[in-house]
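Okay, so here's the structure we're looking at.
Keep in mind that what you see is a predicted model, and the values were worked out from it rather than measured. Proteins get letters first, then strands, A, B, ... in listed order; numbering begins at 1 in each.
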Amino acid sequence: MNRRIAVWTAFILLLGSLSLVTTAQESEDAASPLLFEQPVLVTSIGQSAGAAQARVVAIRAGIEATYSQRATLEELEGIKTLIIVLGASSKGLGAAGVDIDGEIAWANELLAKVNELGILVIAMHIEGGARRGPSSDLINSTFAPLAATIIVKGSQPDVEWTADESADGNADGLFTTIATENDIPILYIDTTLGAVDVLIELFGMTPAEG
Amino acid sequence: MTHRTQPTLLRVGAGMLLTVAAFFFVMASAATSHDIRPGIGVSEIRWLSDYLPALEGTPGDTEIYVLRGEKPGGAFLLLGGTHANEIAGVMAATLFVERGTVTQGTVYVIPHANNSAASYNSGVYNAGTPDWIELTTRAGEVRQFRYGDRRTNPSDQEADPEVFIHEQSGLEFDGGEARNLNRNYPGKADGTLTQQMCYALFELAEREKINVLIDMHESSITGRLANTLVSHPRAVDIAAFSILDLEIEGLALKQEVSSGEFFGLSHKEFGDRTHVLPFLIESANPGQEKSISNPDVVNDPRSPLSDRVYLQLRTIQAILTNHALLEGSSTAIAFEFPFGLGELLGADLGAFLR
């Protein structure tokens, strides 16, 4: 009888230990890649129309995302993840009535509040070469390093870019360098819609059927 | 005999000269006519002067083709030839009139929005561009279409001011822009010819309760605006959805929104002043590339006309589809062609015309 109890006890302990090992492995798996949480706010830094596209991408990924082309500090209330879409548009800045310096000052204020509230940031660059250039790169280089993850539509190192040359936002490796120097995970996409699958993964969403 | 004959000959000669002069006067003051052959989809033809009688008989008057669908829906205004040298828009509108049918809503197509600009070609971007392009139909007929100019013909309007001031905003432009249709909105009923055309287009939009306006343009092939969809901020969602839909098909368009500071443009002024959702499409025209000598504006393999017309029409289709999804079916507009638009790619455009 004692032997039977001892065998069952050993068996239960064995199951328990196996269970603990499995749980630990799942935790490790879950920790990488980082899972982002909803609700999400999508905004632009540089006032390009890419933020509107990012919102469409988020909707298609099934994410609860609010879109504000130039977010206010109040709109950060209750937000768990901020998606900043990087790239300067002279038309967009004109529409907002600001210049590049004013835009950077506003974005610094926004990101300081984001940091204070513990909101995670995803930086997206999804408009290709059209959003590279002196003004855009000032924004790219200032704010991409503040992100927890970077998503860039562009070529990755040692992989041939087969899409339209003008669609490559990372032809010179700018975002790769920023990611490497700041130890930020970077995810490369070939098309803007490629960001749908990336967001599904980052937010742990269930892909839509069909 | 001699004395009696000479005055008669002089009278006959003078009469002939007067006739010729009168012909040229009428031709110069009347609207330029074009070889457009309305298809079964066209319900009615109107004139821009129906919306501003002062334009009647002037070079700024132009035909408006109305295509009505069986199913009620919204109203859509399609502009080609705002800049008459940007011919993909002209030809996309012409193809729409000749082969398109509307299944829902009403479509107003104006292939030559600035008809005065279609009467000449100053070669402003490229002196090597032609005055006419020729396209061969499937039946072997060679049809000619005007390759016009960016601006109203200077002979149709008072001399350019040194500085053109957009009246409603006070924004200053180069004097020649007084003849640019896309710098003069919302126009003025008793203004210059260009301002009157703009005013009439605004009247049309108001009276026909236009829901969507698309102004088809072209840029140089290496220019910043090549292959771009511009929208008013109120229409930015429809534009974003459309661009991502087109991306799936391999059609890469950049997205821009109307600037807050740049007035007089269709997407800005219709969006600010009316309930219309305005868009502007830019395809890439080799004829606007200064570095190409004697550009082939029809067959240049880098950006053939048929591909540019495809880009215009497919983008329009995507915009209207997403407009219906986002704004509701009661104002939906839908059209179709008796061929798949994809067939235009790499094809001879003339084969699709009547």
- So, do A/Leu187 and A/Ile189 sit near enough that their side-chain heavy atoms are less than 4.5 Å apart? no

Ranking B/Arg224, B/Glu256, B/Lys268 by heavy-atom pairs under 4.5 Å to chain A gives rank one to B/Glu256

If one checks every heavy atom of A/Glu127 against chain B at 4.5 Å, the contacting part turns out to be side chain

Under 4.5 Å to a heavy atom of chain A? For B/Leu244 that would be both

Can B/Tyr310 and B/Gln312 be said to form a side chain to side chain donor-acceptor pair (under 3.5 Å), step by step? CA-CA 5 Å; B/Tyr310 165 77; B/Gln312 297 280 354; over 6 Å; no

Whatever's closer than 4.5 Å to a heavy atom in chain A on B/Phe262 counts as neither

Exactly one of B/Glu343, B/Glu247, B/Glu249 clears salt bridge (charged side-chain N to carboxylate O under 4.0 Å, His left out) with B/Arg314, and that residue is B/Glu249

Donor-acceptor contact below 3.5 Å, side chain B/Asp307 vs main chain B/Ser303
no

- Do A/Gln53 and A/Ile126 have side-chain heavy atoms sitting under 4.5 Å apart? yes

Does B/His267 reach the side chain of B/Asp215, with side-chain heavy atoms less than 4.5 Å apart?
no

Heaviest contributor of heavy-atom pairs below 4.5 Å to chain A, chosen from B/Ala239, B/Ala240, B/Ser231, is B/Ala240

Bottom line for A/Ala52: the part with an atom under 4.5 Å from chain B's heavy atoms is both

So, the part of A/Thr192 with a heavy atom under 4.5 Å from chain B: the answer is both

